[in-house]
Amino acid sequence: MKAITITRPDDWHLHIRDGAMLQTVLPASAQVFGRAIIMPNLRPPVATTAQAERYRAAILSCLPQDSRFKPLMTAYLTDTTDPDDLQRGHESGVLTAVKLYPAHATTNSDHGVSDLKKVYPVLERMQAIGLPLLVHGEVTDPTIDIFDREKIFLERVLSGLLRDFPALKIVLEHATTQEAVDFVAAHAGDGRLAATITAHHLHINRNAIFTGGIRPHFYCLPIAKRETHRLALIKAATSGAAYYFLGTDSAPHPQAAKESGCGCAGIYTAPLAMPLYATIFAQAGKLDNLEKFASRNGPQFYGLAPNTDTITLRQTAQPTPPLACVGAEAVTPFFSPIPVDWEVVH
Ligand code: NCD
Ligand code: ZN
């Protein structure tokens with residue numbers, strides 16, 4: 001049985017919601033990760049520095065006294081975002097990044113940006129002050145096939161952003177295609193573009209969503225793609241390249257909202273996040289690169305120091321069985337079709 005000790009990882013893309021759901025899901029992430037980029041797609045969205053400050057206080061108040069977990073806050077970019085407010089948030093240390101959801105691209109994105117040109121003055125300011133832009137990289141044109149929306153986003157939107165804002169730091173969140181990881185490798189430059197890769201996109205391809213019936217707990221956005229894309233993501237994540245790093249996109253929803261006639265997008269991976277990644281890295285023979293992906297590349301991109309403590313992962317004799325649902329609303333944790341035989345040593 002193998003074991004590996006790495007610098008404590010960070011999660012560079014996490015949904016922890018608010019209220020009772022926040023209390024239910026926060027511990028799983030806070031026990032393992034040092035920091036997490038907290039997604040702002042609450043209802044209403046976390047769109048201003050004041051809202052981000054309040055949300056951060058709510059998160060901190062749910063942590064045990066001795067927790068060192070640090071939530072890194074983001075603001076939700078809207079058509080009416082005020083550049084001065086973002087700058088104040090950045091300078092006061094409240095805001096780590098700004099999130100771009102194209103309007104109606106995914107869960108709780110109806111306040112998203114309707115036309116990028118409207119936020120060009122905001123992007124100018126972010127470029128000037130060094131505040132990163134995190135993008136949900138899918139076009140929302142309903143005539144584009146759902147499996148092509150990320151690829152088309154690279155051509156129609158991301159290329160233009162890189163051209164018009166040559167010094168803006170951008171993260172293409174939850175990359176799901178060969179085209180996306182190739183695009184990032186080609187344009188990463190010296191740290192201006194990077195991508196996060198989720199654990200679930202390393203574990204499932206689109207067949208999983210329809211195996212033996214319709215599987216709402218494998219439905220997320222961007223939707224899982226063909227097997228060739230999953231293999232490309234594994235190659236990218238395990239490569240050790242500085243421009244790919246860990247972002248779970250763990251996105252809990254109440255069971256009733258997932259298992260419904262119109263189930264919402266989002267996969268809840270937080271309780272098994274590091275075991276899911278370690279299983280894939282071990283199978284690829286690339287455990288040596290897990291620390292770069294999980295603990296080094298992210299801080300380097302954001303200009304932060306890596307965490308100073310460590311975690312240990314070890315291989316288990318038996319694969320992990322399905323985890324019990326959590327909370328009063330019975331949030332169902334992700335259960336991989338690939339046996340997960342790694343665990344965090346607590
Ligand atoms: C996320 C959510 O539920 O908030 N859902 C998802 O499928 N990933 C939103 C998002 O990150 O797109
Ligand atoms: Zn997300």
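Atoms within each ligand, like the ligands themselves, are counted from 1 in listed order.
Not less than 6.0 angstrom separates the ring centroid of Phe33 from the ring centroid of Phe69. The distance between the ring centers of Phe210 and Phe218 does not fall below 6.0 angstrom. Residues Phe293 and Tyr277 place their aromatic rings such that the two centres sit under 6.0 Å apart. A distance below 6.0 Å separates the ring centres of Tyr302 and Trp12.
For the side chain to side chain contact (heavy atoms under 4.5 Å, CB included) with His136, the qualifying choice from Lys99, His13, Glu173 is Lys99, the only one to do so.
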Inset, instruction - Could you please spell out the steps behind the ring pair (Phe, Tyr, Trp, His ring centres under 6.0 Å) verdict for Tyr76 and Tyr101? - result: CA-CA 8 Å; Tyr76 185 119; Tyr101 288 104; 5.2 Å; yes
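Near ligand 1, residues His13, His15, Arg17, Asn41, Thr106, Thr107, His136, His174, Cys220, Leu221, Asp249, Ala251, His253, Ala265, Gly266 each place a heavy atom inside the 4.0 Å sphere around the ligand atoms.
Heavy-atom contacts from other residues, nucleotides or ligands closer than 6.0 Å to CD1 of Ile214 number 12 or fewer.
Looking only at atom types and distance, the side chain of Glu150 has no donor-acceptor partner in the side chain of His174 under 3.5 Å away.
The number of protein N, O or S atoms lying under 2.8 Å from the Zn ion (ligand 2) is 3.
By the 4.5 Å heavy-atom criterion applied to side chains, His15 and Ser250 are not counted as neighbours.
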